Amino acid sequence: MKLKKYGFLRHHRKIKIEGTDLPKIVNKCIDNKIILKDLKYRDQIEATVGIKGEDLDRLRKLAGHSYRMTCFDESGLVPLTKTIKHNIISIIGAFLLGALIFYQGLFVAEIRVDGYATLTETEIRQTLKEAGLYEGCRKPETYNDIKTDLYENHDAITWVSIYEDGRLIKVSIAEAGKAEAADPEDKTPVDIVAARSGMIEKILPLQGNAAVQKGDYVNEGDLLISGAYEYQSTDYSRGDEVFTMYSHAKGQALARIPRQVCFYMQKAQPAEKLTGKLMPGVYIRIGDIEVDTAGPFYRYKCSVRNEKPLIKFVKPVPCEFGFVTIAEAEQGKKYIGKIEKQRITEAAIRQYERDRLKEGEEILSYEIDYSETENLIKAVVFMEVLEDIGKEKEIKAKKEEKEEEKLQ
């Protein structure tokens, strides 16, 4: 029997290649008929790849001193034989235990219900049992019918969530009820003042009097919304004197604020172009042992591997089973064009707006200035932001005003 006929028995190595121009060494391998499998780029200077055991010395000669290569895994008949020989009892025991755990995982071990208020857990569990969900039953493919039964049998339920946590099924519900009491209103007398300088675009007082209007330029500390009210007493015996009453001012003061933000992106990235050829198969991993029906039979010089797990668990032994597709690819570099550069920058600006701006705030306009280094593109964004610049400042009432307040 020749090992050449059965590729999975031959000696293979997985290596890590480190260097500044990875496509160059890939092209050298292609020219010298060194087959590369599962080539994966971690970044621009590091990649992992599988090669035949006897090709490692040839690859090192081709690379010279420009690249660093590290072998981190080996496979083939000899390593497999040694692994099985030294771990045969452990492998058999782990496989049997794993099969038992997998079979047990198909059934429900515990159901946990929370979120109920007027309903009882007994009522909810009874409905679940009638719908086919109870401890010891086989896990259903979908919980939609069970949710429907809960809604139909209990009018008080407004929301249901059912999800799996291993063999534990968590059922969370919400019931319609009275709204919770609002937090006590803060009545501390405050003004809304400017936290920074800016041009007022919108002033939205919810409580208090607006002290500025659209188009006004304000400096830090300027009054925006006043919590003080002047009034004339209705007690004519006290004359026509005007008094002051204080409240807790509320509202928004939206101003145009300039900001400058920098974003960075790589000028060129490793790219893979699929040729359309592919090899389908299935794979199973148990611990450190892997069986792949597609891997031994494809002969692509460069390829992309895609896995779709069907079964995956980690206790008592890591085990995974699923479909795999190995597609032929061509290696190269993809340089960012003008349109792509603009698209990436605008996406970063939108993400910045979502992450950094509060409700009611927005980016009104922006300009982008690009500059480039050898490997990076720098985008400097000059933007005008509609920002709420208001902050609370406690009002210190005058002595005579406090005395007037006591007389009322």
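Since we're looking at a predicted model, the values are computed, not measured. Numbers here are sequence positions counted from 1.
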Could you check if a side-chain atom of D216 sits within less than 4.5 angstrom of a side-chain atom of I203, using non-hydrogen atoms only?
no
Would you kindly say whether E392 and H248 are connected by a side-chain donor-acceptor distance under 3.5 Å?
yes
Can a donor-acceptor pair be found, under 3.5 Å and without considering hydrogens, that links the side chain of T325 to the backbone of N306?
no
Do I111 and E135 have side-chain heavy atoms sitting under 4.5 Å apart?
yes
Please report the interatomic distance CE(M265) to CD(E372), rounded to the nearest 0.5 Å.
9.5 Å
Are E387 and L357 side-chain neighbours, meaning at least one heavy-atom pair lies under 4.5 Å?
no
Just checking, is any N or O donor in the side chain of R259 or Y352 under 3.5 Å from an acceptor N or O on the other one?
yes
Check: D38 side chain, V49 main-chain N or O, donor-acceptor pair, under 3.5 Å
no
Least distance between heavy atoms, M199 atom then G215 atom
SD-O, 2.9 Å
Paired with V160, the side-chain contact (heavy atoms from CB on, under 4.5 Å) test is passed by just one of I124, T148, I173, namely I173
Just wondering, more than 12 heavy atoms not from K393 lying within 6.0 Å of its NZ?
no
Any chance the side chains of Y246 and E394 put a donor and an acceptor closer than 3.5 Å?
no
Tell me, yes or no, whether the heavy-atom count around L364 atom CG, taken from other residues, nucleotides or ligands under 6.0 Å, exceeds 12.
yes
Within 6.0 angstrom of K14 NZ, more than 12 heavy atoms from elsewhere:
no
Separation between SG (C302) and CG (N27), nearest 0.5 Å, reads 8.0 Å
Answer yes or no: is there a donor N or O on one side and an acceptor on the other, between the side chain of E46 and the main chain of D43, under 3.5 Å?
no
R343 and E346 ion-paired at < 4.0 Å
no
Can you check salt bridge (charged side-chain N to carboxylate O under 4.0 Å, His left out) on K214 and E201, steps first, answer last?
CA-CA 5 Å; K214 179 179 178 180; E201 182 68 21; 3.7 Å; yes
Would you find more than 12 non-hydrogen atoms of other residues, nucleotides or ligands less than 6.0 Å from L310 atom CG?
yes
Less than 4.0 angstrom from a charged side-chain N to a carboxylate O is my criterion; do D55 and R58 meet it?
yes
Taking the side chain as C-beta and beyond, is there a heavy-atom pair between I344 and I377 under 4.5 Å?
no
What distance separates E340 CD from T345 OG1, expressed to the nearest 0.5 Å?
9.5 Å
Any side-chain heavy atom of Q351 within less than 4.5 Å of one from F263?
no
Just by modelled atom types, is the K16 backbone N or O under 3.5 Å from a matching donor or acceptor in the T48 side chain?
no
K277 to Y300, cation-pi by 6.0 Å centre distance and 45° axis angle:
no
On a heavy-atom basis, which atom in C71 and which in R13 lie closest, and how many Å separate them?
SG-CD, 3.6 Å
Which heavy-atom pair separates A294 from P280 by the least distance, and what is that distance?
CB-O, 3.7 Å
Look at atom CG of L96 and say whether more than 12 heavy atoms of other residues, nucleotides or ligands are closer to it than 6.0 Å.
yes
Would one find more than 12 heavy atoms of other residues, nucleotides or ligands at under 6.0 Å from atom NZ of K139?
yes
When you measure from the side chain of E123 to the backbone of T120, do you find a donor-acceptor pair of N or O atoms at a distance under 3.5 Å?
yes
Side chain to side chain, I15 and R60, heavy atoms closer than 4.5 Å:
no
Between D191 and G227, is there a donor-acceptor pair closer than 3.5 Å when you use the side chain of the first and the backbone of the second?
yes
Exam field: side chain E175 to backbone T118, donor-acceptor pair closer than 3.5 Å
yes
Atom CD1 of I17 and atom CD1 of I25: how far apart are they, to the nearest 0.5 Å?
6.5 Å
Please check: side-chain N/O of T293 versus main-chain N/O of V282, any donor-acceptor pairing under 3.5 Å?
yes
Please indicate whether Y335 has more than 12 foreign heavy atoms, meaning atoms of other residues, nucleotides or ligands, lying under 6.0 Å from its OH.
no
Can you measure from CG (L204) to CD1 (I225) and round to the nearest 0.5 angstrom?
7.5 Å
Below 4.5 Å, heavy atoms only, C-beta onward: do L39 and V26 meet side chain to side chain?
yes
Atom pair OG (S66) and NZ (K24), whose distance is rounded to the nearest 0.5 Å
6.5 Å
Just so I know, are the side chains of F382 and S365 near enough to count as touching, which here means a heavy-atom distance under 4.5 Å?
no
